[in-house]
Amino acid sequence: MAKPTKLQDQVKIRGIRRRWLLNSVAIVLLILALAVGAFAAMLWSYYYDGTADDLERKAASSANGFRVYTRTDYRAAAQQTVSSYEDKGRLELQFLDTTGAVLYSGNDLTAGSTPSTPDIQKALNERAAGSWRGRDPDTGERILAASSPVIYQGDVVGVIRYVTSLSDIDRQFTFAMTVIAAIGLAIFAMVYFSNLYFVRSIVEPLAGITEIARVIADGSYGVQIEKQYDDEIGELTDAINSMSLKIRQSEKTQSEFISSVSHELRTPLTAITGWAETIQNGEVRSATDLRKGMGIIVSEAKRLSNMVEELLEFSRMEDGRFTLSVEPLDLKAELEDAVYTYTEFFRKEGITLEYTDGPEEMLPISGDPERLRQVFCNLLDNAAKHGGAGNRIHVSLFREGEEAVIRIRDYGPGAPEEELPYLKNKFYKGSSKARGSGIGLAVCEEIVTRHEGRMDVGNAEGGGFLVVIRLPIEN
């Protein structure tokens with residue numbers, strides 16, 4: 001499989017950053033756009049619609065003041081009003097006839113013209129006040145106009161119209177929108193850069209963790225990542241560091257296991273081969289030596305057979321083919337058989353095997369007698385191999401509530417305290433120089449666990465190593 005390149009890593013990082021920013025910043029941008037749009041609509045209504053309403057009301061109010069004039073009187077009153085009008089610089093006042101032509105104007109510039117804008121048409125045709133916003137046809141300036149009909153005895157005698165420039169209003173609206181847009185951009189910039197910083201604070205540590213994980217995957221087991229955070233990234237760092245150490249320990253254990261098994265196989269094979277060649281070559285002269293040689297061959301062959309069987313048991317346990325043939329049995333009888341079998345064997349080795357029988361009655365359990373015998377024999381072998389220097393092994397059986405408790409203790413040097421948590425791990429042998437594959441305790445614990453029991457190991461008070469097995473008793 002091809003390894004990811006640095007460029008691919010960067011693309012992945014940019015992809016994470018892009019997705020993060022799209023999911024978070026895009027929402028903020030949408031909210032800001034809606035807010036600015038809503039505020040723009042409010043400003044538009046305030047400046048333009050409000051001014052138009054004011055002009056319409058002013059035009060309607062002025063038109064009401066002229067309702068008492070006939071068409072002739074309207075013209076005279078209009079001329080007099082225009083001549084005395086003082087607000088010419090801000091607001092233009094116009095008086096129009098019934099054709100829409102300007103009769104009089106506050107600045108005299110539009111007198112005689114016919115604007116024909118929608119506000120004038122509405123005043124003449126619909127007899128209602130109206131407004132219009134657009135550009136002056138002569139100057140091109142943006143203006144706002146409001147017109148209202150002057151009605152005398154049901155007839156329209158003229159139109160009063162106010163016109164104002166929108167230049168100041170446009171400037172105010174533009175300034176207000178510029179300020180709002182600047183505030184929106186500032187908010188967006190703060191959100192964007194804060195999100196960018198936040199994403200970077202996640203992506204960059206992840207990139208470092210990814211690089212170290214690749215180094216570990218390439219075989220550099222045990223490499224540790226520097227922990228910089230106490231959050232989820234810190235927890236991920238701890239998990240990868242723990243994984244790295246466990247893989248290194250597993251690799252080391254398996255290497256030691258292969259070396260140990262190779263050594264364990266070589267030793268009996270060497271003895272078997274050596275004696276077989278000696279006998280084959282006729283170098284054995286006496287019957288005593290012949291019996292001794294054959295005894296060594298048989299003994300070492302049995303040891304090889306036991307080792308292979310132990311490995312096969314472990315293999316079956318690993319791939320799920322490990323099964324139990326459960327039946328009702330007397331735990332006390334099974335243990336006593338194993339003790340009896342090993343008592344004479346240990347005596348020849350100079351080891352005393354002591355047995356303390358607590359309960360007088362039988363201890364009924366449901367279990368596999370062959371597997372339990374395997375556990376007892378394996379633990380007694382371990383006690384002899386690792387604690388034989390004490391020349392004494394003690395086995396006891398007693399009842400504790402609804403459990404049967406078996407204790408197997410040797411009086412050797414015990415195990416180093418720092419190795420105790422790992423003794424039941426597969427392939428683990430620690431600092432022990434005794435023969436063995438390092439899987440015996442792992443197989444024993446698996447068998448006990450499948451009997452719904454528990455197996456604990458540790459150093460005994462006063463010295464030596466202690467194994468305690470607890471199995472549930474049948475009612």
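No experiment lies behind these values; they were computed from the predicted model shown.
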| query | Judged by atom type as modelled, is there a donor-acceptor pair below 3.5 Å linking the side chain of D97 to the main-chain atoms of A101? | reply | yes
| Counting N and O atoms only, with roles assigned by atom type, does the side chain of S242 sit under 3.5 Å from a partner on the main chain of D238, one being a donor and the other an acceptor? | no
| field | Test item: S194 side-chain N/O and V191 main-chain N/O as donor-acceptor pair under 3.5 Å | value | yes
| query | Given the rule in the salt bridge (charged side-chain N to carboxylate O under 4.0 Å, His left out) test, do R57 and D54 qualify, once you have shown the distances and angles that lead to the verdict? | reply | CA-CA 5 Å; R57 285 193 294 269; D54 289 342; 2.3 Å; yes
| request: Answer with yes or no whether the side chains of S148 and Y162 bring together a donor and an acceptor at under 3.5 Å. | output: no
| For residues T70 and D73, is any side-chain donor paired with an opposing acceptor at under 3.5 Å? | yes
| task | Say whether, by atom type as modelled, one donor and one acceptor occur between the side chain of R409 and the main chain of S396 under 3.5 angstrom. | result | no
| What pairs with M42 under side chain to side chain contact (heavy atoms under 4.5 Å, CB included), at least two apart in sequence or on another chain? | none
| message | Testing the 3.5 Å rule here: is there a donor-acceptor pair between the side chains of T114 and S116? | response | no
| task | Could you tell me whether the side chains of R161 and T117 share a donor-acceptor contact shorter than 3.5 Å? | result | yes
| task | Identify, with sequence neighbours excluded, every residue that meets ring pair (Phe, Tyr, Trp, His ring centres under 6.0 Å) alongside Y48. | result | W44, F173
| Taking atom types as modelled and ignoring hydrogens, do the side chains of E92 and S105 form a donor-acceptor contact shorter than 3.5 angstrom? | yes
| query | Is it true that R450 and E446 make a salt bridge, defined as a side-chain N closer than 4.0 Å to a carboxylate O? | reply | yes
| message | Between R90 and D87, does any NZ, NE, NH1 or NH2 come within less than 4.0 Å of an OD or OE carboxylate oxygen? | response | yes
| request: Give a yes or no on this: more than 12 heavy atoms of other residues, nucleotides or ligands lie within 6.0 Å of atom CD of E452. | output: no
| query | Going through the distances and angles, do I160 and L93 end up as a side chain to side chain contact (heavy atoms under 4.5 Å, CB included)? | reply | CA-CA 7 Å; I160 294 180; L93 172 62; 3.8 Å; yes
| said: Salt bridge check, R454 against D456: does any charged N sit closer than 4.0 Å to a carboxylate O? | reply: yes
